[in-house]
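The block underneath contains the structure these notes are about, expressed in structure tokens.
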Number of protein chains: 4
Amino acid sequence: MPARPETGHSRRNPASRKAILDAAFELVAEVGYSKLGIEAIAARAGVGKQTIYRWWPSKGAVLLDAYLARTQGDAGGEAALPDSGDLRADLIAVLQATVAELRDPTFAVPLRALTVAVLEDPELAAEYEHRLDTPMREMKKARLRAAQNAGQLPDDLDLDVAVDLLFAPVAQKWSATGEPPSDDYVRTLVETVLDGLTRSAEGVRSASM
Amino acid sequence: MPARPETGHSRRNPASRKAILDAAFELVAEVGYSKLGIEAIAARAGVGKQTIYRWWPSKGAVLLDAYLARTQGDAGGEAALPDSGDLRADLIAVLQATVAELRDPTFAVPLRALTVAVLEDPELAAEYEHRLDTPMREMKKARLRAAQNAGQLPDDLDLDVAVDLLFAPVAQKWSATGEPPSDDYVRTLVETVLDGLTRSAEGVRSASM
Amino acid sequence: MPARPETGHSRRNPASRKAILDAAFELVAEVGYSKLGIEAIAARAGVGKQTIYRWWPSKGAVLLDAYLARTQGDAGGEAALPDSGDLRADLIAVLQATVAELRDPTFAVPLRALTVAVLEDPELAAEYEHRLDTPMREMKKARLRAAQNAGQLPDDLDLDVAVDLLFAPVAQKWSATGEPPSDDYVRTLVETVLDGLTRSAEGVRSASM
Amino acid sequence: MPARPETGHSRRNPASRKAILDAAFELVAEVGYSKLGIEAIAARAGVGKQTIYRWWPSKGAVLLDAYLARTQGDAGGEAALPDSGDLRADLIAVLQATVAELRDPTFAVPLRALTVAVLEDPELAAEYEHRLDTPMREMKKARLRAAQNAGQLPDDLDLDVAVDLLFAPVAQKWSATGEPPSDDYVRTLVETVLDGLTRSAEGVRSASM
DNA sequence: CATTAAGCGAGACGGTACGTCTCGTCTTATC
DNA sequence: GATAAGACGAGACGTACCGTCTCGCTTAATG
């Protein structure tokens with residue numbers, strides 16, 4: 001979330017930029033969002049405070065850049081969800097990988113901080129949605145669309161709702177308790193989503209509805 | 001989240017307590033969580049700062065008490081979800097009532113503040129879960145259990161997963177964007193959850209899985 | 001400096017009074033005047049704060065009572081300066097005893113506290129003068145008056161000035177530096193006071209004046 | 001009492017420094033030492049509290065600087081006591097000027113505050129002695145030394161004792177009562193000091209001593 | 001090839017809120 | 001009714017950061 005478009009030949013010092021993002025990521029992992037301060041970031045980065053204020057509008061914006069630099073430094077956004085043909089197994093695998101990541105404090109603590117920052121700042125929320133949320137959602141929808149094409153899911157399925165059903169419960173549980181749900185929960189979740197709450201009550205269902 | 005059990009005859013002044021909770025609730029609605037300060041609460045409540053520090057461990061704890069006092073002051077926890085016999089319609093109604101509430105800033109802003117507080121403080125999160133989350137979840141599970149007893153839902157359904165599927169997507173969308181989803185989204189959500197993603201692709205499903 | 005005259009049969013608890021004065025004296029010796037607090041005195045004395053506020057108008061007043069209780073508990077004010085007939089030797093002895101006392105922190109620290117209290121509170125200053133300063137001054141003047149009667153001092157000598165000349169320099173030095181002057185200083189002081197600055201320059205003096 | 005030596009080109013803001021010293025001097029004259037607070041000084045000076053804490057270790061240190069700035073802002077320390085050749089008259093004049101100054105609350109109240117501060121803080125006492133007391137004492141001793149050179153005072157006179165005899169009684173009376181002594185007292189004081197207590201009892205003295 | 005203007009590390013500054021401490025008053029229960 | 005206990009409104013304490021603002025210094029581009 002740069003304050004200025006990085007077009008043209010800015011005289012910005014890339015070493016300072018990197019030092020700031022690294023310092024912010026490490027610091028937030030150590031002390032949490034509420035105790036993360038611009039002065040502390042500047043001090044750890046060996047940078048003047050003004051260099052942060054010059055390029056970022058808030059500590060949340062620094063954090064978003066820092067998180068993106070860490071999580072997407074390697075992959076250029078080319079990632080995709082696995083597609084073995086077995087949708088059920090693939091979804092379980094993806095969600096179990098997600099909860100595994102959330103169990104690693106190195107990423108979970110900064111992500112939690114980012115969540116707080118986004119909750120407190122609507123502008124940052126828009127930036128977050130555009131740069132992190134939407135790309136991830138598109139990846140997930142792509143996998144579901146493949147299942148549709150394979151005839152495994154109905155064509156009129158609302159893919160956004162489907163993505164929410166699969167991922168929101170995990171995110172919510174992690175937000176609320178600090179811990180992601182268990183692998184068993186994830187398995188049950190996927191199966192319940194795929195089959196529906198009413199799956200084995202066909203007789204009753206057709207009778208009452 | 002009282003610092004001390006309120007058993008016995010405490011010498012605590014109940015008028016001060018009420019003034020503090022009212023001031024906190026109003027202030028947070030006006031300025032948001034990050035700009036909510038203990039001094040401002042004390043000043044608006046006409047109370048010394050120490051009276052807050054004496055009885056609450058953090059501003060998040062004050063906020064939780066304030067929110068509970070507002071939302072459960074009247075109902076003694078006896079509330080229940082509607083049960084017309086039509087599960088689908090009841091769930092849509094409940095979720096639409098929920099999103100309607102989230103569109104009212106009077107409650108949504110303090111609730112958002114409480115969400116931030118809970119994200120930043122694991123102890124408060126436990127308190128929140130015990131005093132707010134669990135009772136609500138029990139209400140929701142009670143309605144689903146009634147549906148089970150009526151043969152509308154399978155007996156082996158995991159009710160916790162079911163509740164998450166219904167409510168987490170709404171909460172998540174509201175958290176991420178500041179706005180709750182539309183009534184249409186809610187309707188689609190309920191129907192997708194009840195029927196399952198694979199609902200109209202039985203043939204394919206049995207073939208590939 | 002009791003807030004109420006102690007005439008009549010007050011229901012005042014003498015044990016509490018003694019505990020307060022003892023606690024005040026000990027505490028001030030430990031922490032100094034500026035860090036001496038009513039709450040700390042009450043706590044150490046095992047007494048409610050109100051019991052202090054009821055009977056004394058300020059911590060300085062407590063301190064004056066505490067100091068008097070310690071220093072004059074035994075002697076009922078009957079003390080007198082030594083009179084060996086040798087004024088010079090007696091004065092030196094008295095002043096050296098004074099500086100010796102000022103070197104004992106047990107009394108010097110509370111006395112210093114009392115000095116501060118008196119500097120800050122004119123009412124307490126009047127009380128101090130009446131109950132401590134004047135009696136001491138009278139003792140000193142009595143010794144000088146005896147010397148006058150013995151023909152050792154001129155009849156028209158202003159005894160107040162004389163007392164000040166002998167004692168003010170010692171008090172002043174102790175106030176300013178925290179340490180009383182040396183025994184040698186005291187000896188030189190007494191001799192200079194008795195003889196006058198001009199003592200051995202009679203010729204010049206008679207010539208120029 | 002600067003916390004740091006003012007050598008080199010400090011980035012300290014001299015306007016803030018002056019505003020703080022002025023505010024401190026005026027405030028202490030209005031409310032006295034015990035009610036003088038750093039916050040009030042900062043507020044009146046239009047300065048952040050940290051700017052005071054950054055440069056002074058205590059309010060007493062601010063007060064010392066403030067007093068020195070007022071009393072020695074003009075004179076660069078070049079002052080000297082009057083020397084008309086008539087020691088007796090000069091001393092009376094100087095002491096009467098001193099008591100006149102002590103009757104002016106504008107200077108007397110801050111000086112009294114400074115006295116309290118010095119009594120409570122040995123480090124400040126050392127600073128006070130070095131920057132205020134010693135220079136004044138040297139001035140006084142210089143005048144007495146001139147009298148020695150003129151043969152008006154004996155060469156073996158202890159000038160420190162002599163200065164104390166002349167000035168301590170005035171300072172002491174002012175400290176103890178809040179009022180400096182009268183002009184008459186001062187005259188008697190000077191004459192008694194110069195002539196000695198035993199001045200007109202030579203016969204008796206030689207007989208008994 | 002200066003010159004000049006931006007970025008930079010550093011940190012003082014006017015502020016604000018923190019959480020603690022103590023003040024002097026008030027209330028409650030005990031004796 | 002005096003007392004021990006301690007909650008209360010009030011507000012100063014000294015600290016920590018905020019975001020802004022100079023300072024010199026370095027460094028790349030432009031005239």
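Proteins come first, then strands; the chains are lettered A, B, ... in the order of their sequence lines, and each starts at number 1.
For the segment residues 38-52 of chain A, residues with any heavy atom less than 4.0 angstrom from an atom of DNA chain E are, sorted by number, A:Gly46, A:Val47, A:Gly48, A:Lys49, A:Thr51.
Salt-bridge check for B:Lys59 with B:Asp121: failed, with every basic side-chain N at 4.0 Å or more from each acidic carboxylate O. The pair D:Asp65-D:Arg131 meets the salt-bridge criterion, with a side-chain N (NZ, NE, NH1 or NH2) lying under 4.0 Å from an Asp/Glu carboxylate O.
Going from atom CZ of A:Arg17 over to atom C1' of E:dG7 covers 16 Å, rounded to whole Å. One atom, OH of B:Tyr33, and another, C1' of E:dA17, lie 14 Å apart when rounded to the nearest Å. Whole-Å rounding puts the C:Leu36 CG to E:dC21 P distance at 17 Å. One can place NZ of C:Lys35 at 12 Å from C1' of F:dC13, the figure rounded to the nearest angstrom. In this structure, NZ of C:Lys59 is placed 9 Å from P of E:dG24, rounded to the nearest angstrom. Atom CZ in C:Arg54 sits about 12 Å away from atom P in E:dT25, given to the nearest Å.
Remark: A:Val116 pairs with A:Tyr33, A:Glu120, B:Val116, B:Leu119, B:Glu120 by the side chain to side chain contact (heavy atoms under 4.5 Å, CB included) rule, at least two apart or across chains. Under the salt bridge (charged side-chain N to carboxylate O under 4.0 Å, His left out) criterion, C:Lys49 pairs with C:Glu39, sequence neighbours left out.
With F:dA7, F:dC13, E:dT25 as the choices, the nucleotide that has an atom nearest any side-chain atom of D:Tyr53 turns out to be F:dC13.
No side-chain heavy atom of C:Val47 sits under 4.5 Å from any side-chain heavy atom of C:Ile41. Looking at B:Phe107 and B:Leu111, their side chains never come closer than 4.5 Å, going by heavy atoms from C-beta outward. In this structure, C:Gln50 and C:Tyr53 have side chains that are in contact, with non-hydrogen atoms separated by less than 4.5 Å. At a threshold of 4.5 Å between non-hydrogen side-chain atoms, the residues A:Leu36 and A:Leu63 count as touching.
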Short heteroatom pairs, N/O only, protein and nucleotides 1-5 of chain E, under 3.5 Å:
none

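Projected onto DNA chain F by closest heavy-atom contact, C:Ser16 and D:Gly37 fall at different nucleotides, the more 5' of which corresponds to C:Ser16.
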Taking distance alone, no hydrogens or angles, what donor-acceptor pairs closer than 3.5 Å link side-chain atoms of residues 20-29 of chain C to residues at least two apart or in another chain?
unit_1: C:Asp22; atom_1: OD2; unit_2: C:Lys18; atom_2: NZ; d: 2.5
unit_1: C:Glu26; atom_1: OE1; unit_2: C:Arg44; atom_2: NH1; d: 3.4

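Contact detail for B:Val118 and B:Leu124: the closest heavy-atom pair is N-CD2, 4.1 Å.
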Before you tell me yes or no, could you show the steps for B:Trp55 and B:Arg17 under side chain to side chain contact (heavy atoms under 4.5 Å, CB included), namely the whole-Å CA-CA distance, both residues' side-chain angles and the distance that decides it to 0.1 Å? CA-CA 9 Å; B:Trp55 300 107; B:Arg17 186 189 131 94; over 6 Å; no
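For E:dA12, the OP1/OP2 oxygens have no side-chain nitrogen or oxygen of D:Trp55 closer than 4.0 Å.
Using five terminal pairs a side, the axes of the helix from E:dC1-F:dG31 to E:dC31-F:dG1 at its two ends make an angle of 10°, given in steps of 10 degrees.
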